[in-house]
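The next block holds one structure in the form of structure tokens; read it before the comments.
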Protein chains: 2
Amino acid sequence: MGEPARGTQAVDRAMRLVATVVRADEPMAFADLFAECGLAKSTTSRLLTALERTELLERDDNGCYVAGPLFWLYAARHDPWDELVRLARPTMEQVGADTRETVNLAVTRGDRVVQVGQVDTQYMLGTRDWTQVEVPAHCSALGKVLYAYRCLPVPRGPLERLTPRSVTDGAALDRQLRQVLRRGWAITVDELEVGLCGVAVPVRGWGGDVIAALGVSGPTPRLEDRIEDIGRLLNDRAGQLTALLDRRTRKEGVA
Amino acid sequence: MGEPARGTQAVDRAMRLVATVVRADEPMAFADLFAECGLAKSTTSRLLTALERTELLERDDNGCYVAGPLFWLYAARHDPWDELVRLARPTMEQVGADTRETVNLAVTRGDRVVQVGQVDTQYMLGTRDWTQVEVPAHCSALGKVLYAYRCLPVPRGPLERLTPRSVTDGAALDRQLRQVLRRGWAITVDELEVGLCGVAVPVRGWGGDVIAALGVSGPTPRLEDRIEDIGRLLNDRAGQLTALLDRRTRKEGVA
DNA sequence: GATTTTGGTTCCACATCATGGAACATCGGG
DNA sequence: CCCGATGTTCCATGATGTGGAACCAAAATC
């Protein structure tokens with residue numbers, strides 16, 4: 001095989017077992033694992049027993065192997081988004097360097113929109129740190145993206161007016177959302193705060209689902225003429241991010 | 001050491017490294033790991049490299065080891081509560097057998113209360129499946145428990161009236177919540193629906209924090225006389241569940 | 001109820017693979 | 001530039017993991 005793997009046969013094999021179980025994401029019978037990874041039956045058994053003892057794997061009621069306590073512990077302590085944020089950082093910094101404006105990443109939590117990551121503007125005047133802050137979705141570009149791609153339910157009923165230019169009419173919002181789908185980016189100009197302008201695009205994950213929104217925001221005068229360019233730039237970068245996410249979670253080839 | 005561990009030295013050692021990193025829940029420098037687990041420097045290095053190759057661990061920008069892609073993948077696919085539900089199932093079934101009524105498990109998601117698990121009543125008449133359904137917290141026993149133990153913010157402002165007996169006054173709710181803390185269980189009688197009665201208690205996790213609510217509900221006529229008994233029973237079972245959770249996430253002794 | 005089949009664990013002689021000391025890189029810092 | 005301090009690679013050695021076969025258990029079949 002490509003990888004030489006010096007002096008770690010046992011560990012490598014054990015890890016292949018773990019990876020197989022975790023990636024399968026469903027209970028795997030001994031026989032499946034045995035077949036899948038082509039080791040001697042006795043070796044497979046011994047390794048699996050060791051993995052069970054060390055709490056990496058566990059057996060369910062049917063004796064099938066599933067991810068063990070160590071994985072739960074990790075899941076219990078980490079937002080699923082933690083890693084998205086980490087992986088997205090380079091991309092966001094890239095965008096920050098390109099635009100010199102504040103860059104934001106937002107996801108849905110329950111039916112709210114929450115900013116989970118931010119890279120600050122390089123200008124003096126700019127968006128302050130909004131990490132972990134909920135934003136009124138209908139007034140923000142990030143929120144509009146998440147609405148448009150059905151990451152959270154579009155509110156019926158009247159919408160809050162935050163500035164004279166806020167969209168408060170459901171039908172008008174619908175029209176905007178359709179436009180977002182058509183051209184691939186959402187904007188907000190003076191709708192959340194007077195003088196604040198934002199552009200955002202969807203970030204897609206594993207299988208093409210939209211899992212987050214990536215946006216740029218700053219003073220309207222600096223941004224409004226560049227909206228199209230920024231929209232295209234963001235889409236570009238979001239695509240790269242998707243590719244990155246993909247690579248991280250996909251399995252390497254087997255002999 | 002207690003465990004003999006025949007023929008799996010390498011794997012055992014590697015897993016000890018993984019467990020150390022994941023449990024620590026913060027980047028660990030090579031030196032720390034090396035010290036922590038008392039292996040030869042070269043051995044430590046070789047094992048860590050293997051773990052990194054196999055995506056169980058990863059190095060951050062400082063070269064410190066952190067949980068790797070396999071853990072993210074797991075976290076991204078599993079609600080933190082999945083395991084709670086799985087582990088709680090036997091306990092809930094126990095309660096179901098004891099009371100013959102519907103048993104529910106609820107947690108907070110964002111600032112809503114969501115039912116994540118249910119065991120059905122053995123009577124014909126009973127609570128239908130509410131899994132994944134949001135419940136108006138101030139009218140449900142589960143919700144009151146989560147309010148009382150500060151798992152979600154107690155709403156100010158007026159509360160929705162769902163039945164003539166719903167508590168709609170903030171001060172009245174506060175009084176009830178204080179009572180919940182005092183005696184350890186919450187009740188709702190005809191407050192959510194006329195004829196529906198519920199009892200619930202807190203479920204504590206690792207370090208004593210309340211992480212969920214466990215409750216029983218059914219027709220008022222069948223339950224109202226048994227509320228005290230059920231409250232005590234639930235507390236008992238919730239305690240067992242906590243012990244169970246504890247055991248699953250705690251580390252076995254080191255030499 | 002006896003017998004075969006399927007599925008998994010334990011045993012053990014063998015040699016392969018992990019081991020750890022020492023040599024070797026790498027990097028900061030004085 | 002020359003030092004520690006920290007981490008990685010080498011390599012002779014033997015302890016350790018290996019896999020075939022025997023063994024055991026449970027389910028399926030007769």
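Keep in mind that this is a model prediction, so the values were computed, not measured. Order of the sequence lines sets the chain letters (A, B, ...), proteins ahead of strands, with each chain counted from 1.
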Checklist entry - Between D:dG7, D:dG19, C:dT19, which one does the side chain of B:Ala31 approach most closely? => result D:dG7
Next on the checklist: Evaluate A:Trp72 against B:His78 for side chain to side chain contact (heavy atoms under 4.5 Å, CB included), listing each step before the verdict.
Outcome noted: CA-CA 9 Å; A:Trp72 319 337; B:His78 294 262; over 6 Å; no
Checklist entry - Does the side chain of A:Arg59 get closer than 4.0 angstrom to OP1 or OP2 of C:dG8 through an N or O atom? => result no
Checklist entry - Any side-chain N or O of A:Ser45 under 4.0 Å from OP1/OP2 of C:dG8? => result no
Next on the checklist: What is the distance, to the nearest angstrom, from the CG atom on B:Leu48 to the P atom on D:dT8?
Outcome noted: 8 Å
Item to check | Inter-axis angle, terminal five-pair segments of the helix from C:dG1-D:dC30 to C:dG30-D:dC1 [nearest 10°] | outcome: 40°
Checklist outcome for this item: Contacts of A:Gly63 and B:Leu47 projected onto DNA chain C by closest heavy atom; the upstream (5') one is A:Gly63
Next on the checklist: Rounded to whole Å, how long is the line connecting atom CZ of B:Phe34 with atom P of D:dA5?
Outcome noted: 14 Å
Checklist entry - For the pair made of CZ in B:Arg46 and P in D:dG7, what is the distance, rounded to whole Å? => result 17 Å
Checklist entry - Please give, in whole Å, the distance from C:dT10 C1' to A:Phe30 CZ? => result 12 Å
Next on the checklist: List the residues meeting side chain to side chain donor-acceptor pair (under 3.5 Å) with A:Arg100, not counting sequence neighbours, and say none if there are none.
Outcome noted: A:Gln122
Checklist entry - Between C:dG8, D:dT8, D:dT18, which nucleotide has the shortest distance from any of its atoms to the side chain of A:Ala10? => result D:dT18
Next on the checklist: Within the structure provided, determine whether B:Thr102 and B:Gln118 are in side-chain contact (heavy-atom separation under 4.5 Å).
Outcome noted: yes
Checklist entry - Does D:dG19 have OP1 or OP2 sitting under 4.0 Å from an N or O in the side chain of A:Arg13? => result yes
Item to check | Length of the CG-P vector between A:Leu17 and C:dG8, whole Å | outcome: 14 Å
Next on the checklist: If the threshold is 4.0 Å, N to carboxylate O, is there a salt bridge linking A:Arg86 and B:Asp60?
Outcome noted: no
Checklist entry - How far does CG of B:Leu70 sit from CD of B:Glu58, to the nearest 0.5 angstrom? => result 11.5 Å
Checklist entry - Are more than 12 heavy atoms from other residues, nucleotides or ligands located less than 6.0 Å from atom CZ of A:Arg59? => result yes
Item to check | Protein-nucleotide distance (A:Arg53, atom CZ; C:dT9, atom P), rounded to Å | outcome: 13 Å
Checklist entry - Starting at the 5' end of DNA chain C, which residue's closest nucleotide do you reach first, A:Tyr65 or B:Leu39? => result A:Tyr65
Checklist entry - What is the distance from CG of B:Asn62 to P of C:dT26, rounded to the nearest Å? => result 20 Å
Item to check | Side-chain-base donor-acceptor pair under 3.5 Å for B:Ser42 and D:dG7 | outcome: no
Next on the checklist: From the set D:dT8, C:dG20, D:dG19, return the single nucleotide nearest to any side-chain atom of B:Lys41.
Outcome noted: D:dT8
Item to check | Parallel, tilted or perpendicular: ring planes of A:Phe71 versus B:Phe71, cut at 30 and 60 degrees | outcome: parallel
Item to check | Beyond-backbone contact of B:Leu39 with B:Leu47, side-chain heavy atoms, under 4.5 angstrom | outcome: yes
Next on the checklist: What's the closest nucleotide to the side chain of B:Gln9 if the choices are D:dT18, D:dG17, C:dG20?
Outcome noted: D:dG17
Checklist outcome for this item: When rounded to whole Å, the CG to C1' distance for the pair A:Asp12 and C:dC17 reads 12 Å
